[in-house]
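Numbers here are sequence positions counted from 1. The shown structure was predicted, so the numbers you read here are calculated from the model rather than taken from an experiment.
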Amino acid sequence: MTLLFPKWTNRLPQIIGALVLAGGGAVTFVIGFWFSPRHTDVGYAPEQPLHYSHKLHAGLLGIDCRYCHQNVERSAHASVPDTNTCMNCHAQVKKDSPNLEAVRKSVANNSPIPWIKVHMLPQYAYFNHEAHLRAGVGCVSCHGRVDKMDVVRQAEPLSMGWCLECHREPENHLRPTAEVTNMDYVHTLAEGLRLKQEKNINPPTHCSGCHR
């Protein structure tokens with residue numbers, strides 16, 4: 001009696017199953033790796049309504065982060081400086097520069113400059129700047145070396161896994177509170193461990209810590 005199918009076709013279900021598993025694994029890897037915030041969000045640098053160089057202001061001129069982001073030590077949000085903060089200097093410095101036309105219009109019209117937010121978290125994730133600065137987490141840990149950025153870009157993924165890495169081992173980012181805005185501060189693990197113990201820092205790793 002002639003067989004309808006050759007014997008090797010008996011292995012087709014196993015072969016198909018293996019291919020499906022391999023394909024599913026490959027798709028999972030591609031989505032999980034290449035579509036993660038580390039690849040989709042890091043480097044985000046939107047074009048702003050006017051050019052502002054952190055490299056010049058925070059780097060070359062050495063202006064402290066808190067001069068412009070005034071609420072960062074006492075609020076959940078760092079806040080974007082109002083135009084009057086800009087004019088504290090630019091009423092005298094380069095006051096006729098064409099690059100500052102948007103600033104002058106903002107003052108004349110009493111309207112804010114429509115800055116585009118760079119570092120964004122989902123609405124379901126709670127983050128408090130005050131709590132992190134009070135603990136001794138430096139600006140550079142989340143925002144990178146903004147003092148070297150002519151155009152501010154997102155330096156870290158700001159993903160849940162990235163946040164949990166810090167919450168599980170905060171000693172890798174702790175520094176004296178007086179140094180939180182010092183971009184040139186040299187961190188040591190020994191000091192981080194000491195500060196963690198002295199301040200009894202134990203960040204939450206359970207869901208309700210960030211999802212409230």
Side-chain angles (χ1 to χ4, degrees), residues 33 36-46 48 51-81 85-86 88-89 93 115-121 125-206 209-210:
F33 186 75
S36 71
R38 190 170 295 280
H39 291 278
T40 60
D41 296 354
V42 171
Y44 174 62
Q48 300 291 352
H51 177 67
Y52 177 89
S53 172
H54 277 74
K55 182 178 181 180
L56 170 63
H57 293 81
L60 182 62
L61 299 178
I63 298 175
D64 191 284
C65 306
R66 293 164 292 194
Y67 180 77
C68 296
H69 302 288
Q70 298 171 0
N71 293 327
V72 70
E73 291 183 299
R74 55 181 181 270
S75 171
H77 304 286
S79 75
V80 176
T85 300
C86 304
N88 286 342
C89 294
V93 179
W115 299 106
I116 300 173
K117 192 173 183 179
V118 178
H119 301 85
M120 294 177 287
L121 290 178
Y126 176 77
F127 179 86
N128 189 310
H129 276 86
E130 178 189 6
H132 286 77
L133 266 66
R134 189 169 61 243
V137 178
C139 303
V140 70
S141 289
C142 299
H143 297 290
R145 291 298 301 262
V146 293
D147 61 320
K148 296 182 181 297
M149 298 180 189
D150 197 41
V151 176
V152 169
R153 64 184 181 278
Q154 184 171 324
E156 300 292 347
L158 307 183
S159 62
M160 184 174 73
W162 178 81
C163 293
L164 282 172
E165 287 178 6
C166 182
H167 276 221
R168 288 168 179 152
E169 297 181 318
E171 60 272 14
N172 292 326
H173 298 277
L174 296 178
R175 59 176 69 189
T177 52
E179 304 289 347
V180 291
T181 62
N182 182 358
M183 296 287 168
D184 291 316
Y185 178 79
V186 179
H187 170 272
T188 64
L189 181 58
E191 183 172 51
L193 289 168
R194 177 181 62 80
L195 291 169
K196 178 183 177 181
Q197 183 176 13
E198 286 181 0
K199 294 184 176 184
N200 191 28
I201 294 175
N202 186 29
T205 55
H206 49 78
C210 300

Reported [atom1]-to-[atom2] distance for the pair [X] and [Y], which is rounded to 0.5 angstrom:
X: Asn200; Y: Asn202; atom1: CG; atom2: CG; result: 7.0 Å
X: Tyr44; Y: Ile116; atom1: OH; atom2: CD1; result: 6.0 Å
X: Ser75; Y: His129; atom1: OG; atom2: NE2; result: 9.0 Å
X: Ile63; Y: Asp147; atom1: CD1; atom2: CG; result: 12.5 Å
X: His54; Y: Cys68; atom1: NE2; atom2: SG; result: 7.0 Å
X: Leu158; Y: Leu121; atom1: CG; atom2: CG; result: 5.5 Å

Count the heavy atoms of every other residue, nucleotide or ligand shown that sit under 6.0 Å from [atom1] of [X], and state whether that count exceeds 12.
X: Met149; atom1: CE; result: yes
X: Lys148; atom1: NZ; result: no
X: Gln197; atom1: CD; result: no

Side chain [X], main chain [Y], donor-acceptor under 3.5 Å:
X: Asn128; Y: Ala131; value: yes
X: His167; Y: Pro204; value: yes
X: Arg168; Y: Thr205; value: no
X: Glu171; Y: Lys196; value: no
X: His69; Y: Val72; value: no
X: Arg175; Y: Glu179; value: yes

At their closest point, which heavy atom of [X] faces which heavy atom of [Y], and how far apart are they?
X: His51; Y: Val151; result: CE1-CG2, 4.1 Å
X: Thr85; Y: Gln70; result: OG1-NE2, 3.4 Å
X: Val42; Y: Pro157; result: CG2-N, 3.6 Å
X: Leu174; Y: Ala135; result: CD2-O, 3.6 Å
X: His119; Y: Ala155; result: NE2-N, 4.4 Å

Next on the checklist: Can you tell me how the ring of Tyr52 sits relative to the ring of His57, calling it parallel under 30°, perpendicular over 60° and tilted otherwise?
Outcome noted: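 Taking His57 first and then Tyr52, their aromatic rings lie parallel (interplane angle under 30°).
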Item to check | Flag side-chain contact, heavy atom, 4.5 Å: Arg145 against Asp184 | outcome: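 Side chain of Arg145 against side chain of Asp184, heavy atoms only: contact under 4.5 Å found.
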Checklist entry - Do Lys117 and Pro46 come close enough that some side-chain heavy atom pair is under 4.5 Å? => result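 Side-chain contact under 4.5 Å: no.
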Checklist entry - Does one side chain, of Trp162 or Glu156, offer a donor that lies under 3.5 Å from an acceptor on the other? => result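 Side chains of Trp162 and Glu156: pair found under 3.5 Å.
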Checklist entry - Passes side-chain contact (heavy atoms from CB on, under 4.5 Å), Val137 versus Leu133? Steps please. => result CA-CA 5 Å; Val137 178; Leu133 266 66; 6.0 Å; no
Checklist entry - Got a salt bridge between Arg153 and Asp41, using NZ or NE/NH1/NH2 to carboxylate O under 4.0 Å? => result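 Salt bridge: no.
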Checklist entry - So, Arg134 and Glu130, do they make that salt bridge, N to O below 4.0 Å? => result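 Result for this pair is yes, salt bridge flagged.
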Checklist entry - After noting the C-alpha distance and the side-chain angles of Thr177 and Lys199, does the key distance pass the side-chain contact (heavy atoms from CB on, under 4.5 Å) rule? => result CA-CA 11 Å; Thr177 52; Lys199 294 184 176 184; 3.1 Å; yes
Next on the checklist: Please determine whether side-chain contact (heavy atoms from CB on, under 4.5 Å) holds for the pair Ile201 and Leu195, giving the CA-CA distance in whole Å, both sets of side-chain angles, and the decisive distance to 0.1 Å.
Outcome noted: CA-CA 8 Å; Ile201 294 175; Leu195 291 169; 5.5 Å; no
Checklist entry - When the ring centroid of Phe127 is compared with that of His132, is the distance short of 6.0 Å? => result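 Ring centres of His132 and Phe127 closer than 6.0 Å.
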Next on the checklist: Show, in sequence, the C-alpha distance, side-chain angles and deciding distance for His173 and His187, and conclude whether the ring-ring contact (aromatic ring centres under 6.0 Å, His included) test is met.
Outcome noted: CA-CA 7 Å; His173 298 277; His187 170 272; 7.2 Å; no
